[in-house]
Amino acid sequence: MNLFVELVARLLGVTPAMASDNALRGLYLPPEASTSAGHIDWMFDVILWICIFFFVLIVVLMGLFIMRYRVKDPNAEGPRIYHNTALEVTWTAIPLGIVVVIFWLGFKGYMDLAVPPANAYEIQVTGQKWSWSFTYPTGHVDNVLHVPTDRPVTLIMTSTDVIHSMYLPAFRAKMDVFPGRYSKLWFDADEPGTYPLFCAEYCGTEHSSMISEVVVQEGPEFDEWLTVASNILATMTPEEGGKYLWEKRGCNQCHSVDGSAGIGPTFVNLFGAQRAFGDGTTTVADENYIRKSILEPQSQIVAGFDGVMPTFQGRFNDEELGAMIAYIKSLTSS
Ligand code: CUA
């Protein structure tokens, strides 16, 4: 239990038994759920306490000096003091020592986080406007990050459009995600639970809803989840599969299934309808239209909407495209 948390706890009237709970940390920091979070929070506390110490020291001394050395006679000439070598060396050497120690501890922590262990479990991450996709070694693609406990996990991340940033506050982990190159982020989750996952780089209109979750599970539970999730389409009708993909692949961020317009057109009563495009042409929304809209969205922008949809080329196979078509068909009333 660190002093600051205890202080806050006492001010709020929280009992010591409750104060020992990791959740109490949530008063000023998210709960710790990775092996590196402890070091980072410890560093944070060290710097915080150094700041508090010097803030109090400087303000108190300033107040005392204002009172003690107040000019009583405005015409009196004060003593002429040019410099004091011992004092100047002291106030240079002590802060220098402090920042060198902070740099060393911070650099060591940074290097530990920058180099993933060789045996880490790898998950591919794709950021796009405005959702996350996590691809597992089995080929399963999910919009929620699942990771096993007590095993280092490396995220290998890229973006299909602009710069995003993967932010996992409970792991104290954050890394930018770029188009056209890969960045890596690793952590070792040690506390089962569900924690928030954010995009921390402004990436356009729906940046603030580019939110997901990381689910930390015990090893065997994670393996079981992955096996079930990897074969899930085989257990569903194409229609159910389409609904599942609509959620899991991030279609739901822009396309509603309740008739309301979002960033993109709704899926309700889409199939078989006449579509008018920004360039004045029209077509009927049949199977080929839906397929093309997923794989080459920029080729046909519906009038009244911005052409912001990224391509899903290579991210939907034929079976999945069929499921999407079946689902969209099922949302047409006639
Ligand atoms: Cu992606 Cu902000």
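As the structure lists them, so they are numbered: ligands from 1, and atoms in each ligand from 1.
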query: What do you reckon, is CG of D279 surrounded by more than 12 foreign heavy atoms closer than 6.0 Å?
result: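 Counting neighbours around CG of D279, more than 12 heavy atoms of other residues, nucleotides or ligands fall under 6.0 Å, so yes.
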field: Within 6.0 angstrom of E247 CD, more than 12 heavy atoms from elsewhere
entry: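 Enclosed.
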query: Are any side-chain N or O atoms of W132 and backbone N or O atoms of L197, one a donor and one an acceptor, separated by less than 3.5 Å?
result: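 Looks like no, no N/O pair under 3.5 Å.
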task: On the 0 to 90° scale, with breaks at 30° and 60°, tag the Y327-F267 ring pair as parallel, tilted or perpendicular.
output: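 Perpendicular: the ring planes of Y327 and F267 meet at over 60°.
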- prompt: Are the ring centres of W49 and F55 closer than 6.0 Å?
  reply: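 Ring-ring flag for W49/F55: false, centres at least 6.0 Å apart.
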query: Any side-chain donor paired with an acceptor under 3.5 Å for D176 and S165?
result: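 The criterion, which ignores hydrogens and geometry beyond distance, is satisfied for S165 and D176.
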Protein N, O or S within less than 2.8 Å of atom 2 (Cu) of ligand 1, waters excluded: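 Short answer, with waters excluded from the count: C199 SG, E201 O, C203 SG, H207 ND1.
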